[in-house]
**Q** 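First the structure, which I've put down as structure tokens, then a few questions once you've had a look.
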Amino acid sequence: MTAELFNDITDTSTWQERLGPGSVILRRYAAASDTALLAAIEDAVATAPFRHMQTPGGFTMSAAMSNCGDYGWTADTDGYRYSATDPLNDRAWPAMPETLSELASRAAAAAGFAAFQPDVCLINRYEPGARMSLHQDRDEADLTQPIVSVSLGLPMTFLFGGLRRKERPARIELQHGDVVVWGGEDRLRYHGVAPLKDGEHPLLGRYRINLTLRRAH
DNA sequence: GAGTGGCA
DNA sequence: CGTG
């Protein structure tokens, strides 16, 4: 698929690439607020530390995860679900900082989804070699609400497939600050993360952090 | 009913 | 290394 470019001549630091009728990459959209986002993440994981969850198949996920917001996405041998409490301590997840919810709302609006108010921020941390195999985000109650994904740190190859797993995904390089929004008829597209290549990022060292903002309920 | 993993 |  050839990305259609929408360059805004008044702001050459950020631009959009359309991946489908309901999916857009906002290049470098979050780069200007990266230090505020990282401070918000550090604050959240001080309360709800990164952990490697188990899949229902009994495998350990290679990305370390945490959450903030009214709910958090969790995986264990019983399945995938959203929970109002952190299973590590049965306490509420840390509140979602406004920095994160406002970024997500603005990005969704820029992509054509008005009034997006996330109630979950899943925080995924990848080290070199970590990956996420192709999956759909379908544990949310209202699939008319989009998904907003923010990439920070090491660059990665985003796999963006179709509505069926057998469709071979596009491979899209995402850099620090890139935001991907998908919804509408693209809401259930399969997506994943290719094994992270080694490298060094000025702010994040040998890590990539992905924020996925969702409306769970 | 498998499933965001492992391995051929 | 990418695919299944």
Side-chain angles (χ1 to χ4, degrees), chain A residues 1-2 19-20 22-23 25 41 44-45 48-69 71-88 93 104 118-143 145-174 178-183 186-199 206-217:
Chain A
M1 175 187 307
T2 303
L19 296 176
S23 39
I25 308 179
I41 294 163
V45 301
F50 284 115
R51 81 290 306 264
H52 291 270
M53 297 180 184
Q54 299 290 121
T55 70
F59 300 107
T60 300
M61 297 180 71
S62 58
M65 297 181 165
S66 186
N67 292 275
C68 60
Y71 303 93
W73 186 89
T74 64
D76 60 28
T77 51
D78 292 334
Y80 306 122
R81 74 189 70 79
Y82 286 100
S83 166
T85 54
D86 182 347
L88 285 186
W93 296 100
D119 58 6
V120 175
C121 180
L122 173 63
I123 307 166
N124 289 167
R125 188 187 64 189
Y126 296 79
E127 300 184 54
R131 62 188 178 276
M132 185 78 73
S133 55
L134 274 188
H135 65 280
Q136 294 171 303
D137 289 359
R138 57 171 181 175
D139 300 321
E140 300 74 32
D142 180 2
L143 296 179
Q145 297 296 312
I147 300 290
V148 175
S149 170
V150 180
S151 292
L152 297 168
L154 286 178
M156 57 81 91
T157 302
F158 184 54
L159 308 172
F160 199 58
L163 298 176
R164 299 180 183 187
R165 188 189 287 275
K166 61 191 256 189
E167 296 178 50
R168 185 194 291 163
R171 302 175 68 88
I172 298 155
E173 296 302 310
L174 295 182
D178 289 349
V179 177
V180 185
V181 181
W182 64 98
D186 293 327
R187 178 60 176 72
L188 290 176
R189 281 174 70 157
Y190 279 86
H191 56 281
V193 177
L196 195 73
K197 292 178 280 237
D198 202 358
R206 285 167 37 103
Y207 289 116
R208 167 180 185 256
I209 288 182
N210 178 67
L211 307 174
T212 315
L213 293 124
R214 301 110 180 261
R215 184 81 194 179
H217 291 291

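Residue numbers begin at 1 in each chain, while the letters A, B, ... track the order of the sequences.
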**Q** Sorted by first residue and then second, give each side-chain hydrogen bond (donor to acceptor under 3.5 Å, both in side chains) pair with at least one member in residues 49-58 of chain A; sequence neighbours left out.
**A** R51(A)-D86(A), Q54(A)-T60(A)
**Q** Quick one: salt bridge (charged side-chain N to carboxylate O under 4.0 Å, His left out) partners of D139(A), sequence neighbours excluded?
**A** none
**Q** With a sphere of 6.0 Å drawn around CZ of R206(A), does it hold more than 12 non-hydrogen atoms of other residues, nucleotides or ligands?
**A** no
**Q** Going by the rule side-chain contact (heavy atoms from CB on, under 4.5 Å), which residues pair with A44(A) if we only count those two or more places apart in sequence or in a different chain?
**A** C68(A), P94(A), I123(A)
**Q** Identify each atom pair where a protein N or O and an N or O of nucleotides 6-8 of chain B are less than 3.5 Å apart, giving names and distance.
**A**
unit_1: dG6(B); atom_1: OP2; unit_2: R131(A); atom_2: NH2; d: 3.2

**Q** Going by side-chain contact (heavy atoms from CB on, under 4.5 Å), name the residues that satisfy it together with L188(A), two or more places apart in sequence or in a different chain.
**A** Q136(A), R138(A), L143(A), L163(A)
**Q** Sequence neighbours excluded, which residues qualify as salt bridge (charged side-chain N to carboxylate O under 4.0 Å, His left out) partners of R165(A)?
**A** none
**Q** Separation of D76(A) atom CG from dA2(B) atom C1', in whole Å?
**A** 15 Å
**Q** Who pairs with R168(A) by side-chain contact (heavy atoms from CB on, under 4.5 Å), at least two apart in sequence or on another chain?
**A** none
**Q** What's R138(A) touching, base or sugar-phosphate or nothing? Going by heavy atoms closer than 4.0 Å.
**A** base
**Q** Kindly assign one of parallel, tilted or perpendicular to the pair W182(A) and F160(A), based on the angle between their ring planes and the thresholds 30° and 60°.
**A** perpendicular
**Q** To the nearest Å, how far apart are D78(A) CG and dG1(B) C1'?
**A** 15 Å
**Q** First contact, last contact: which nucleotides of DNA chain C are these for chain A, 5' to 3', heavy-atom distance under 4.0 Å?
**A** dG2(C) to dT3(C)
**Q** Quick one: list whatever passes ring pair (Phe, Tyr, Trp, His ring centres under 6.0 Å) with Y80(A), sequence neighbours left out.
**A** W73(A)
**Q** List for me each residue that meets salt bridge (charged side-chain N to carboxylate O under 4.0 Å, His left out) alongside D142(A), sequence neighbours excluded, and say none if there are none.
**A** none
**Q** Without decimals, in angstroms, what is the distance between L122(A) CG and dT4(B) C1'?
**A** 10 Å
**Q** Between T212(A) and N210(A), do the side chains contain a donor N or O and an acceptor N or O under 3.5 Å apart?
**A** yes
**Q** Grab the OH-P distance between Y190(A) and dT4(B) for me, whole Å please.
**A** 10 Å
**Q** Categorize N124(A) for me: base, sugar-phosphate, or nothing, with a 4.0 angstrom heavy-atom threshold over every strand shown.
**A** nothing
**Q** Suppose you measure atom C1' in dA2(B) against the same atom in dG6(B); what distance do you get, rounded to whole Å?
**A** 15 Å
**Q** Show me the dot-bracket string of DNA chain B, counting Watson-Crick or G-U pairs under 3.5 Å, with | for pairs to another strand and [ ] for crossing ones.
**A** ......||
**Q** Rounded to whole angstrom units, what separation is found between the NE2 atom of H191(A) and the C1' atom of dT4(B)?
**A** 8 Å
**Q** Quantified in whole Å, what is the P atom distance between nucleotide dG1(B) and nucleotide dG5(B)?
**A** 23 Å
**Q** Between H135(A) (NE2) and dG5(B) (P), how many Å, whole number?
**A** 9 Å
**Q** How many Å lie between CE on M61(A) and P on dT4(B), as a whole number?
**A** 8 Å
**Q** Would you list the pairs meeting side-chain hydrogen bond (donor to acceptor under 3.5 Å, both in side chains) in which at least one residue belongs to residues 118-133 of chain A, sequence neighbours left out?
**A** none
**Q** Figure out the CD/C1' separation between E140(A) and dT4(B), and round it to whole Å.
**A** 12 Å
